[in-house]
Protein chains: 2
Amino acid sequence: MIKSTIRDVARMAQVSISTVSRVMNTPDSVAESKRNRVLEAIEKLQYQPNSFARGLIYKKSFTLGLLIPDIENFYYTGIIRGMQDACIKFGYSLMICNTDRDKDRLLSYIDTFHEKQVDGIVFASDVLYPEYYEKLVRTKIPVVLLSTHSDEYDIPCVEIDDEAAAYDAVKFLIELGHREIGMIGFNHDNSISGPPRYEGFARALTEAGLERNVGKIRFATHRFEHAYDAAHELFTDYPELTAVFCVADEFAMGVISYLKDRNVLVPGQVSVVGFDNLRMANMFIPKLTTIAQPIYELGYRAAEKLHELATTGNVSVLRERMAHKLIVRESSREK
Amino acid sequence: MIKSTIRDVARMAQVSISTVSRVMNTPDSVAESKRNRVLEAIEKLQYQPNSFARGLIYKKSFTLGLLIPDIENFYYTGIIRGMQDACIKFGYSLMICNTDRDKDRLLSYIDTFHEKQVDGIVFASDVLYPEYYEKLVRTKIPVVLLSTHSDEYDIPCVEIDDEAAAYDAVKFLIELGHREIGMIGFNHDNSISGPPRYEGFARALTEAGLERNVGKIRFATHRFEHAYDAAHELFTDYPELTAVFCVADEFAMGVISYLKDRNVLVPGQVSVVGFDNLRMANMFIPKLTTIAQPIYELGYRAAEKLHELATTGNVSVLRERMAHKLIVRESSREK
DNA sequence: CTGAAAGCGCTAACAC
DNA sequence: GTGTTAGCGCTTTCAG
């Protein structure tokens, strides 16, 4: 009933434990006859080397940790798929920790990572507060930031160009002929992409001589319902709006849902552009026009970068940017 | 730069390593003055006991494994949240493995679990094929099935009553006055909930003298797009339908999307009932009438059960059923 | 090519 | 109360 050990295998194959170890690690250094006997014993005993013992020696756990703020968000779910594939490529396991945007939980997951000695951590949890940074540094575990970055610390990161992406979205709306454009954004104080996306919005507007719109913005906090409420505020204050740029697909859905409840047609009367291109963007009615992030690739790349960092001690490019792309579907129309 | 060990702490605190070990495990058995010195050293060195060494001794990893088929599905995402909370309660870490419905990947994740010696596995990956079962058994790791069960093997499971849930959904449609009712289901051969949900559908129909409908069914495989296509087939063959029961919210969205493209009003002309009550059900337009599964609780309960199994060696109830509930929203209407 | 033995960091008897 | 020591299962010199 007990897990078999290298000793059991050695005994059954009539060899020493070193020989067994060798067939597991450098099979060519063992005479064929013995090797076969060992292999047979391994098969018969369903032997699996004990990863604790190995970890003790190698000082590596062959697992990576991932910190995300909200697993019930297709954005992070796509990240996970990318990371998991990269992990398989490199032979890592992945330990996914969902903080639910709870600070204490995040901190305690870092402890877990430290204790379990993960070989690296991908931090995809928005702003890297000093408190998080300090704790992360003290563990001495390599860290890569995903869809976030730090101005103060030199931590490798992979992300998109939020300012440019937002600019593209708003410019598209302008080219469609819209003149009264609003925005549903992320709060500037506890999100990393909030400010740059706002700046992209403002720049596109300004370049087109539409500065009067730059204040037509309301903020929401991640969820559909908040965006619904924010849309209500936005349209109450600015009923003239014919288009709104949303910094998340979920916000776009909230806005469209609000408009629908007010019998305003999308895209008939109001155009809505989202951000992320989640799987849902294509399922919603109407299908969302949106800025596509290379979500899967972002996750994949973060793991690659972390592997590079954990293996070589540093990375070739510190801050990496991946390309975004506007996807035109049904929620936008010419004015 | 190297992680500090129990020896470093002992040296700094001028005590033996056993004393350090004691303050970590049975603090009361150490004199206060020494204890304080040790605590201080621990803090100063940022000491974290090495979990490999501990695992070697305890033969426990304090982590649970979870096998899911599709992380880009809010169903599993909700399961994860429940499990993660339960894991925190019991002091486990959670290792989430997404198989993407790939057999080889699933098998190789079982190897990983074996090697990492997780203390238990929750298998939420639909049908438990003999091949999976064999492999799982050989690892000797405790297993709990989630939203699936096995007729052949006595493995603990937690799930809902699929037949009854489907029955409730269809009965609701009938009570609304619908007489021509179709269904979008899961294939019967590679899904565990496919058959019982179909049976619930058929029973409700039969009890109401509507046997003529029992064949009005098409199958889809998990995704929105498939359901869209299946809806096309269903309505082409049975244009008389005024209601359709879908065994997943995502299917309901696919159906509604199809209907929308054909200018058929939901719920105006056709009522649609979903299944699961995902977070999205409430965001879609129209909001979905659906059978709510206690998703979070299912995940939470599975972890509790697994803990019970791993700790005591068996479970008090082998097959556990949790309650479902019909939630009426906007996608259904009286005929 | 193969075996003996040291040691990774920690816990748990066992002495004192 | 506290220190010494024997392992947990494995890899890796080091001899032979």
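Computed from a predicted model, the values in this text were never measured in an experiment. Note on naming: letters A, B, ... go to the chains in the order of the sequence lines (proteins, then strands), and numbering restarts at 1 for each one.
Side-chain contact, A/Tyr300 with A/Lys89: a donor N or O sits under 3.5 Å from an acceptor N or O. Between the side chains of B/Ser125 and B/Tyr132, no donor N or O sits under 3.5 Å from an acceptor N or O. No side-chain donor-acceptor contact under 3.5 Å links A/Arg138 and A/His114. B/Thr148 and B/Glu159 are not linked by any side-chain donor-acceptor pair at a separation below 3.5 angstrom, with hydrogens and angles left out of the test.
Contacts of A/Phe52 with the nucleic acid, taken as non-hydrogen atoms under 4.0 Å apart, are absent. In this structure, A/Ser21 reaches the bases: a heavy-atom distance under 4.0 Å links it to at least one base atom across the strands shown. Contact annotation for B/Val20: no contact, since no heavy-atom pair falls under 4.0 Å across all strands.
Contact annotation: A/Arg7 does not reach the phosphate of D/dG9 (side-chain N/O to OP1 or OP2, under 4.0 Å). A close approach under 4.0 Å does not occur between any side-chain nitrogen or oxygen of A/Thr5 and OP1 or OP2 of D/dG9. Here B/Lys34 reaches the OP1 or OP2 of D/dG3: one of its side-chain N or O atoms lies under 4.0 Å away. The phosphate of C/dG7 has neither OP1 nor OP2 within less than 4.0 Å of any side-chain N or O from A/Tyr58. Applying the 4.0 Å criterion to OP1 and OP2 of C/dT11, one finds that B/Asn25 has a side-chain N or O inside that range. Listed pair A/Lys59 / C/dC8 fails the phosphate criterion, with no side-chain N or O lying under 4.0 Å from OP1 or OP2.
In this structure, the NZ atom of A/Lys3 is 9 Å from the C1' atom of D/dG9, given to the nearest Å. Here C/dT11 presents its C1' atom at 16 Å from NZ of B/Lys60, a figure rounded to the nearest Å. In this structure, the CD atom of B/Glu32 is 12 Å from the P atom of D/dG1, given to the nearest Å. Summarising the geometry, the separation between CD on B/Gln117 and P on D/dC8 is reported as 14 Å, rounded to the nearest angstrom. In this structure, the CG atom of A/Asn50 is 16 Å from the P atom of C/dC10, given to the nearest Å. Taking atom OH of residue A/Tyr47 and atom P of nucleotide D/dG9, one finds them 10 Å apart after rounding to whole Å. B/Ile6 places its CD1 atom 16 Å from the P atom of D/dT5, with the value rounded to the nearest Å. Remark: P of D/dG1 and CZ of B/Arg37 are 15 Å apart, rounded to the nearest angstrom.
A/Leu298 CG to A/Ile160 CD1: the interatomic distance, rounded to the nearest 0.5 Å, is 7.5 Å. Rounded to the nearest 0.5 Å, atoms OH (B/Tyr47) and CE (B/Met12) are 13.5 Å apart.
Between B/Tyr153 and B/Tyr133, a ring centre-to-centre spacing shorter than 6.0 Å is recorded.
Comparing B/Ala31 and B/Leu56 by the nucleotide of DNA chain D whose heavy atom lies nearest to each, the residue mapping closer to the 5' end is B/Ala31. Looking at which nucleotide of DNA chain D each of B/Asp28 and A/Ile17 is closest to, the 5′-most match is held by B/Asp28.
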Just the atom pairs and distances: protein N or O near nucleotides 13-16 of chain D's N or O, under 3.5 Å.
none

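Relative to the six-membered ring of A/Phe74, A/Arg279 meets both conditions, a distance below 6.0 Å and an angle of at most 45° to the axis.
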